[in-house]
Amino acid sequence: MTTQVPAAEVEAGPQKGSNYLNSHRGFWSWAGTLDHKRIGIMYLVGVTLAFLAGGVLALGIRLHLWQPEGALFEPDTYNQVFTLHGAFMVFMFIIPGVPGSIANFVLPLMLGAKDVALPRLNLASFYLWLCGTLLAIVSMITGSVDTGWTFYTPYSIHTQQSVVTMGLGIFMLGFSSIFTGLNFIVTTHKLRAPGQSWFKMPLFIWAIYSAGVLQVLATPVLGITVLLLAFEHIYHIGVFDPSYGGDPVLFQHFFWFYSHPAVYIMILPAMGIISEVVSVHSRKPLFGYRMIAFSSIAIAVISFLVWGHHLFTSGQSEFVMMAFSFLTFFVAIPTAIKEFSWVATIWKGSVALTAPMLYAMNFLIIFSIGGLTGIFLAALNVDIHLHDTYFVVAHFHAVMMGSVAIGFFAGVHHWWPKFWGVMYNETLAKISAVLILIGFWVTFIPQFIMGSQGMPRRYASYLPEWQGYHQVSTVGAIILGAGFALMMGYLIHSLFAGKKAKANQWGGVTLEWHTQTPPIHENFDYDPVVTHDPYDYSQLEEMKGKS
Amino acid sequence: MTSDSHAAQASHDGGHGDHSEHNDHSGHHVCSFQLFAGVFFALLILTIITVAVSRFDFGGFNMIIAMAIAAVKASLVMSIFMHMRWDTAINNIAFLSSILFLSLLFLFILADYSTRGDTDPILATPSMQMKPAEYYQHDWSGH
Amino acid sequence: MSEGHHDLITIPAPEGFVPHQVAHHFDSVEKEFQSCKLGFWLFLATEILLFGGLFAAYIYYHDLYPESFVEGGKLLNWQLGALNTVLLLASSWTMALGVRSAMLSEKSKMQGYLFVTFLCAGGFMVVKYIEYSGKIAHGLLPGYFFGLEPGSVYAEALGHLPYPNLFFSLYWTMTGIHGFHVLVGMILIAWLMVGGAKNRFHAGYYMPVEIVGLYWHLVDLIWIFLFPLLYLVP
Ligand SMILES: [Cu+2]
């Protein structure tokens with residue numbers, strides 16, 4: 001009964017040398033593309049620009065704090081600068097970063113699929129990201145948002161109306177994130193290659209899947225929260241405003257019901273990247289595959305039970321605080337399982353100190369400190385002292401910047417040859433990895449110390465006693481900036497003058513390394529069947545024989 | 001790759017739509033007209049009950065009763081109108097997990113609200129226990 | 001095995017219907033159907049959580065100001081609320097029948113059921129309009145616009161209570177966002193009827209009818225909870 005007709009849109013077979021980059025040409029072949037690889041590349045460009053914007057703002061903050069009374073901005077401007085830094089980095093870079101760009105490109109390839117399950121939704125998700133980002137920029141031009149990225153009420157209700165524009169931007173960014181996560185969940189369920197059972201999936205997929213669950217289940221609450229915040233501005237709905245009978249603590253509950261799981265929306269995909277990179281560059285199957293897989297799911301579930309640790313000084317009930325503090329400690333278990341498994345994977349592996357591996361090692365070092373300082377903050381009594389100090393700032397930068405951003409760049413370096421078919425200058429890449437590690441610690445160790453001494457966050461000025469620490473921190477930020485500038489330099493240079501990459505640059509065995517580099521428009525010129533475990537490197541000989 | 005099994009199945013099920021007990025979880029189940037009509041009728045009756053019980057004062061139980069009836073109505077709509085009874089397990093999990101996680105939001109928010117000031121000897125003094133409603137009195141005659 | 005790769009699958013249609021072409025990255029229409037449906041169920045989950053935030057706020061303030069909520073609820077017209085409940089339940093029923101007809105390739109029946117669903121939805125919005133105009137006339141508006149005329153029955157009922165504005169804020173916001181979903185649903189149902197007129201939906205391909213149906217039942221589902229919470233405040 002079934003008739004098979006030649007495809008209308010799919011060109012007649014790939015010619016030699018054809019790949020997804022050159023198979024279609026022109027502006028609309030990109031702007032209207034349904035190809036997950038091209039959407040991934042557009043995301044990559046977009047989130048990298050957002051990262052650069054957020055990074056420039058961060059440098060502005062650090063330079064301002066060179067002097068105790070502030071060197072650059074008026075206090076009001078300073079408030080806007082750190083708000084935009086936070087909002088850009090969180091909503092426009094870190095959350096969509098790995099899922100939108102790297103996972104979009106790599107996930108269907110790893111599953112042996114021709115595309116994500118819902119390509120139109122994928123494109124819609126990119127445009128929602130774009131519109132959300134543009135709205136945020138509009139809010140910046142037409143007014144100013146000075147609430148911090150957390151938009152706490154009641155201040156955010158009584159400050160400028162541009163909070164509404166920013167809020168709607170974040171609503172869109174939220175739904176962009178939801179659609180991305182939803183798409184990956186469906187793709188993972190429905191489009192795995194024959195033979196690829198759940199435990200034959202690369203761990204990157206497990207991580208992206210777990211993050212997808214969080215994106216779908218947590219983000220809607222952020223959506224309704226920013227919507228209600230907009231309503232507070234438009235007609236004073238009052239649910240977050242004490243002068244209309246509302247309770248601001250309710251806002252914090254809503255906000256952190258999303259934003260704590262959001263931390264795992266950020267870190268889980270980065271953890272997935274580290275699993276891939278550590279295994280491939282140690283040429284060794286991952287230690288504790290199932291433990292890492294289940295710990296991803298465990299992190300996703302536990303993350304819904306701990307949001308109250310952000311409200312320890314906000315006036316919530318003491319009973320609930322104790323419960324939240326107790327539950328927060330549980331997050332340490334699955335994260336430690338992952339950290340130990342990665343280290344055990346490297347142990348006695350044939351480790352190649354390539355650029356992606358160096359970035360992954362940066363992740364392992366910084367994440368262990370970021371995670372352990374989290375335990376300090378989970379402890380109710382310690383947190384009362386450390387709440388809203390630079391200790392918190394340094395802690396979440398160790399996780400968000402030192403782990404997620406560095407994990408993201410580990411992935412970018414790992415799959416760069418797959419994306420473009422070219423290699424960057426590896427020597428420069430190694431130098432930048434080392435610069436970033438040094439820059440990171442020089443920036444944030446003084447902040448840990450200042451925080452433990454009580455330096456509050458978000459202040460435009462500080463006591464002169466802290467000037468030395470602040471200046472060291474600023475020097476560190478400049479080193480970090482230099483490292484990232486160097487990275488941008490050699491990555492962009494490689495696009496124009498990079499050496500041609502090998503088909504399988506690092507000797508990976510997951511499905512994305514089985515296909516041509518860069519991949520053809522249809523991903524595979526055969527129907528992939530999975531017969532091996534995802535990190536079974538004995539396949540390498542076979543693969544060489546084929547090509 | 002042949003793909004007519006789906007079309008064939010749909011028409012097969014359509015041949016006799018009266019077997020609502022028929023246990024297929026393919027997501028292509030065709031319910032009988034009578035079953036849908038019965039569900040609609042049940043929903044109407046339950047709506048009348050909702051209105052009727054709201055006339056009586058059961059104290060704190062009014063909320064529980066109203067929500068229980070609403071939950072019965074909702075589960076009728078979900079299982080029959082939305083075919084969840086015959087749908088695949090993963091679709092059911094996908095949807096029901098939202099209710100599970102939503103209950104976490106409710107649980108902790110209400111736990112917070114209902115135990116505020118319970119353990120702190122200072123906050124437990126009567127003046128501090130007043131809820132915000134008692135602090136403020138607004139004059140609602142225009143603004 | 002690799003031969004099917006560059007060919008698209010077309011699903012044959014019963015006499016008089018348009019055949020459906022499966023998207024290139026699926027190897028069967030069943031996979032396409034199940035993928036879209038799982039995706040849509042996940043979307044419905046996000047809708048539940050989105051409304052869930054509003055319900056959480058409702059429960060919270062209902063606990064905080066029980067009297068204001070009970071007295072505020074008495075000022076809503078429960079008869080109109082009940083009428084709307086019946087309209088939505090009926091529309092849910094006809095929608096379920098519409099999906100059934102699509103599965104059985106009964107085009108004219110499907111179109112008829114969809115049309116009745118559309119009418120019920122329209123009726124719902126008309127009743128909503130009548131209700132809203134009454135509330136506007138009496139100053140029972142959300143938040144900042146809330147204002148009771150001194151000496152009126154409304155001032156009598158609510159004037160001495162703490163923050164009655166919150167009940168009406170939540171009433172307007174919850175029914176407003178729900179009403180927005182009804183409007184979106186009406187557009188989707190109209191879109192289905194256009195597709196139906198073009199003979200696109202049949203036993204071999206009824207996925208759009210199915211998922212719009214699911215969406216419509218969700219709108220009904222949310223109203224099932226809104227009705228007792230707002231009109232018959234317990
Ligand atoms: Cu947290």
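Lettering of chains follows the sequences in order, A, B, ..., and the numbering in each one begins at 1. Side-chain atoms are counted along with the backbone in the values below, which use heavy atoms only and exclude waters and symmetry mates.
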Heavy-atom count around [X] [atom1] within 6.0 Å, excluding the residue itself: above 12?
X      : atom1 : value
B:F41  : CZ    : no
B:F61  : CZ    : no
A:F199 : CZ    : yes

Side chains of A:L305 and B:F108: closer than 4.5 Å at any heavy-atom pair?
-> yes

Segment of [X] engaging chain B (4.5 angstrom heavy-atom cut-off):
X      : value
A:L327 : side chain
A:I185 : neither
A:F257 : side chain

When you measure from the side chain of B:D112 to the backbone N and O of A:S317, does any donor-acceptor pair fall under 3.5 Å?
->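 Pair found, side chain donor or acceptor close to backbone of A:S317.
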
Counting heavy-atom pairs under 4.5 Å with chain B, the top scorer among A:L250, A:V216, A:D247 is A:D247

For the student: nearest non-hydrogen atoms of B:L105 and A:W307, plus distance =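 It is CA-CH2, 3.9 Å.
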
Minimum heavy-atom separation for A:L217 to B:S97, with atom names?
->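 Smallest heavy-atom distance, with atoms named: CD2-OG, 4.0 Å.
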
Which region of B:I90, side chain (C-beta onward) or backbone (N, CA, C, O), has a non-hydrogen atom less than 4.5 Å from a non-hydrogen atom of chain A, or is it both or neither?
-> side chain

